[in-house]
Amino acid sequence: MNIEKLIRPHIRDLKPYSSARDEYHGGAEIYLDANENPFEQPARVNRYPDPVQTALKNELAKRKGVDCEEIFVGNGSDEALDVLVRTIIEPNKDEILICPPTYGMYTVLAEIHQSKILRVPLTTEFELDTEAVLRAITPNTKIIFLCSPNNPTGNLLPTESIERLLTNANSLVVIDEAYIDFASFSGWIERIREFPNLMVLQTFSKAWGLAGLRVGMLYGNRTIISAMNKVKYPYNVNTISQHQALRALTEDDEVRGNVNSILSERERLTKALKSLPSVVNVYPSESNFLLVQVSDASKIYKELCSKGIIVRDRSKELHCMQCLRITIGTPEENTKLLSELEKL
Ligand SMILES: *Cc1c(COP(=O)(O)O)cnc(C)c1O
């Protein structure tokens, strides 16, 4: 397939803004090229950040087995998605396909950018309906958003279904792997060269515990990534976020420990919840949250609120009747949650 044809023509031809730090790379003694203030201040942020996040991308590339040119780093993965949509979608013409119930940002982004939205629901078992997706797409369907493990349902989408989409659709297939570090599957990044239309989204916000830094990555075909780099703001990821994300990658022992604790708490919470009379079903989870069907979601939601415990009521989502989405907390938080639910 012709990947370049997926890019909006005026973006393909766009001459990007060229910042001072784009024009001169490498070390120098004296920088008088960016109108910065030369006097260092306590946080050492008197200089503009690296516009292409070289150090962070080098480390990500090494860990993921890809080239830096196959990585886009965004101010959170939300920015990566926004830049992708702005790079690809012609307003009032192109279409984005989503599979509800899923992450709400895809719809919001599509609406902001005046993309048509094709909705092909997951089955009642939250499985991908590949045949229905293939029937629904048109020549204007430019992006298919899949979320695996899916938010709010927690399950992985099957490899064979996704492979079938990748081979048969002429759209970009974006797999949102925000929760992949909690899953029993290593993810899709290793296959981006096999499928030129495959893009994989990851983030520092969940397993890495750095939601406040706002750093997210989109991995994929270098033609798309390079077009996205023209569209993004020149200094989109700030200096402190770049440093802290890089540091997290090189000192990941604590992260691993936290993920293991969340995984064992997921087991404990699943078992304990299933034994409660107010709980109808706990869906299997490959993520750091549980989708829990209860007897009366809005009542239990309010009662938990009144005890100072906030969960997410997802009852209004397709196929999620009477469902709460509960994030796995610390062992103490989970114990408190269980004891409040037992009292109901
Ligand atoms: C939390 C989440 C993200 C992460 O967004 P950031 O902007 O990187 O914090 C992305 N996708 C899904 C499905 C999520 O639940």
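Just so you know, ligand 1 is whichever comes first in the structure, and atom 1 is the first atom listed for that ligand. Just so you know, these numbers come straight off a predicted model, no measurement behind them.
In this structure a side-chain-to-backbone donor-acceptor pair under 3.5 Å is present from N155 to F126. K336 contributes no side-chain N or O that, together with a main-chain N or O of L338, makes up a donor-acceptor pair within less than 3.5 Å. Formation of a donor-acceptor pair under 3.5 Å by the N236 side chain with backbone atoms of V73 is found in this model.
Taking the centre of each ring, F289 and Y179 come in below the 6.0 Å mark.
Of all atoms in ligand 1, numbered sequentially from 1 with element shown, those under 4.0 Å from a heavy atom of G76 are 7 (O), 8 (O). Numbered from 1 in the order shown, with element, the atoms of ligand 1 that lie under 4.0 Å from a heavy atom of A178 read 2 (C), 3 (C), 10 (C), 11 (N), 12 (C), 14 (C). Within ligand 1, counting atoms from 1 as listed, the ones closer than 4.0 Å to a heavy atom of T203 are 6 (P), 8 (O). Atoms of ligand 1 lying under 4.0 Å from at least one heavy atom of K206, given by number and element, are 1 (C), 2 (C), 3 (C), 4 (C), 14 (C), 15 (O).
The nearest protein atom to atom 9 (O) of ligand 1, hydrogens excluded, is given as S205 OG, 2.6 Å; this is a heavy-atom distance. Among all non-hydrogen protein atoms, the one lying nearest atom 12 (C) of ligand 1 is D176 OD2, 3.3 Å. Shortest contact from atom 7 (O) of ligand 1 to any protein heavy atom: R214 NH2, 2.6 Å.
Of the candidates Y179, Y103, F145, Y179 brings a heavy atom nearest to atom 15 (O) of ligand 1.
With a 4.0 Å heavy-atom cut-off, ligand 1 is reached by no atom of M105.
Annotation: cation-pi pair R21/Y31 present, NZ/CZ under 6.0 Å from the ring centroid and within 45° of its normal.
Under the 3.5 Å distance criterion, with hydrogens and angles disregarded, no donor-acceptor pair is assigned to the side chains of S226 and N229.
Distances from ligand 1 to the non-hydrogen atoms of S77 include at least one value under 4.0 Å. Residue C147 places a heavy atom under 4.0 Å from ligand 1.
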**OP:** With side chain to side chain donor-acceptor pair (under 3.5 Å) as the test, would you mind laying out the steps for E127 and S161 before giving the verdict?
**Re:** CA-CA 9 Å; E127 297 295 347; S161 318; 6.0 Å; no

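A perpendicular orientation is assigned to the rings of W188 and F185, their planes being inclined by more than 60° (bins at 30° and 60°).
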